[in-house]
Amino acid sequence: MLGLLTVSLWLRATAPERDQPARAVVRPNSMAILPFVNTSPDTADDYLGHGMAAELTRNLSRLAGLRVAPRSSAFGLKETDGDPRITGRRLNVGTVLQGTIRRSGDRLRVTAHLVDVDEGFDLWSETYERDAGEIFAVESEILRGIAGALRRPQPAPDGVPTPSLDAHVRYLQARRAAREAGPEPAARALALYQEAIALDSGFARAWSGLAESWLRL
């Protein structure tokens with residue numbers, strides 16, 4: 001009797017497992033966008049990565065049912081040991097958007113990865129090689145890609161904030177300076193906003209930034 005019981009237990013332990021039904025994919029409903037890492041040798045281009053992340057944060061916040069960590073939280077943290085999952089857990093979000101940006105002359109190379117914090121794999125990723133003047137188009141394509149990956153309805157197009165690439169560059173540089181503490185960065189931001197407005201007097205975001213700079217001073 002004991003022998004039969006032993007054989008029965010052995011057969012049960014060594015029998016192949018039955019196929020389990022596939023687990024339904026749970027689409028995360030929270031996200032943090034990290035500043036895109038500048039991979040060009042010129043550190044003066046760091047503003048591009050911060051600017052792109054800021055614009056994506058603003059636009060992704062408009063996706064229905066998606067909670068996006070504020071820039072003040074996401075920009076204050078960096079990946080730990082290259083693992084965005086640690087940053088995601090610290091910010092209590094389900095996904096992290098990270099990427100790189102490199103400007104070489106009039107060309108841009110942008111990579112973007114949407115990482116699942118629990119599983120550690122990419123839900124979506126893409127690489128873009130474009131003219132520098134197409135930066136708004138790249139941001140729109142990233143937005144559409146993420147909305148599709150998360151199966152969220154896409155927000156209505158926000159429109160190009162300015163037709164002047166030079167004005168947009170000054171604006172991004174001003175935003176970067178405005179994040180630094182002290183009167184000197186605030187004065188530098190004010191001057192850059194003024195340059196952006198001189199290049200495009202209808203650039204509403206530059207006017208708004210200029211007002212904020214005056215308040216800081």
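Along the sequence shown, residues are numbered consecutively beginning with 1.
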Discussion item. One pair to check against side-chain contact (heavy atoms from CB on, under 4.5 Å): Glu139 and Met52. What are the steps and the verdict?
Written reply: CA-CA 7 Å; Glu139 291 172 359; Met52 178 164 284; 3.8 Å; yes
Step-by-step side-chain contact (heavy atoms from CB on, under 4.5 Å) determination, Glu55 to Arg205: CA-CA 12 Å; Glu55 286 298 300; Arg205 296 183 194 175; 2.6 Å; yes
I would like to know whether Glu134 and Leu108 meet side-chain contact (heavy atoms from CB on, under 4.5 Å); could you show each step before the answer? CA-CA 9 Å; Glu134 297 181 79; Leu108 280 179; over 6 Å; no
>> Apply side-chain contact (heavy atoms from CB on, under 4.5 Å) to residues Val93 and Arg67 and explain how you reach the verdict.
In response: CA-CA 8 Å; Val93 295; Arg67 178 179 66 84; 3.9 Å; yes
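Taken from CD1 in Ile33 to OG1 in Thr57, the straight-line distance is 4.0 Å, to the nearest 0.5 Å. Atom CG of Leu123 and atom CZ of Arg151 lie 10.5 Å apart (nearest 0.5 Å). Leu97 contributes atom CG, which lies 9.5 Å from atom NE2 of His113 (distance to the nearest 0.5 angstrom). Between the OH atom in Tyr47 and the CZ atom in Arg170 there is a gap of 8.5 Å [rounded to 0.5 Å]. For the atom pair CG (Leu66) and CZ (Arg152), the distance works out to 6.0 Å, reported to the nearest 0.5 Å. Interatomic distance, OG of Ser213 versus CG of Leu192, reported as 9.0 Å (0.5 Å rounding).
Here the closest heavy-atom approach between residue Ala167 and residue Phe203 is recorded as O-CE1, 3.6 Å. Scanning all heavy atoms of the two residues, the minimum distance from Arg89 to Asp118 falls at NH2-O, 4.4 Å. Nearest heavy-atom pair across Pro84 and Val96 is O-CG2, 3.7 Å. Residue Ala74 comes nearest to Pro35 through the heavy atom pair O-CD, 4.4 Å, listed as atom of the first residue, atom of the second, then distance. Residues Ala206 and Ala196 come closest through the heavy atom pair CB-CB, 4.0 Å. Closest heavy-atom contact between Thr87 and Leu34: CG2-CD2, 3.9 Å.
With salt bridges taken as basic N to acidic carboxylate O contacts below 4.0 Å, one links Glu141 and Arg130. For the pair Glu119 and Arg85, the salt-bridge criterion is not met [side-chain N within less than 4.0 Å of a carboxylate O].
Side-chain contact check for Thr111 and Thr100: at least one donor-acceptor pair (N or O, by modelled atom type) lies under 3.5 Å. For the residue pair Asp45 and Asn38, no side-chain donor N or O sits within less than 3.5 Å of a side-chain acceptor on the partner. Side-chain contact annotation: Asp116 with Thr95, donor-acceptor N/O pair under 3.5 Å absent.
Side-chain atoms of Arg176 and Leu172, non-hydrogen and from C-beta on, never get closer than 4.5 Å to each other. Between Arg109 and Ile101, every side-chain heavy-atom pair lies at or beyond the 4.5 Å cut-off.
In terms of modelled atom types and a separation under 3.5 Å, the side chain of Trp207 and the main chain of Ser201 share a donor-acceptor contact. Listed for the Asp200 side chain is a donor-acceptor partner under 3.5 Å among the backbone atoms of Gly202. In this structure a side-chain-to-backbone donor-acceptor pair under 3.5 Å is missing from Arg71 to Ala54.
Tracing side-chain contacts under 4.5 Å through hydrophobic residues (I, L, V, M, F, W, Y), one never reaches Val115 starting from Ile142; they form parts of separate clusters. Hydrophobic clustering, with ILVMFWY side chains joined whenever heavy atoms are under 4.5 angstrom apart, keeps Leu199 apart from Ile197. If you chain together hydrophobic residues whose side chains sit under 4.5 Å apart, Phe121 and Trp124 fall into the same group.
Ring pair His168/Phe136: centre-to-centre distance below 6.0 Å.
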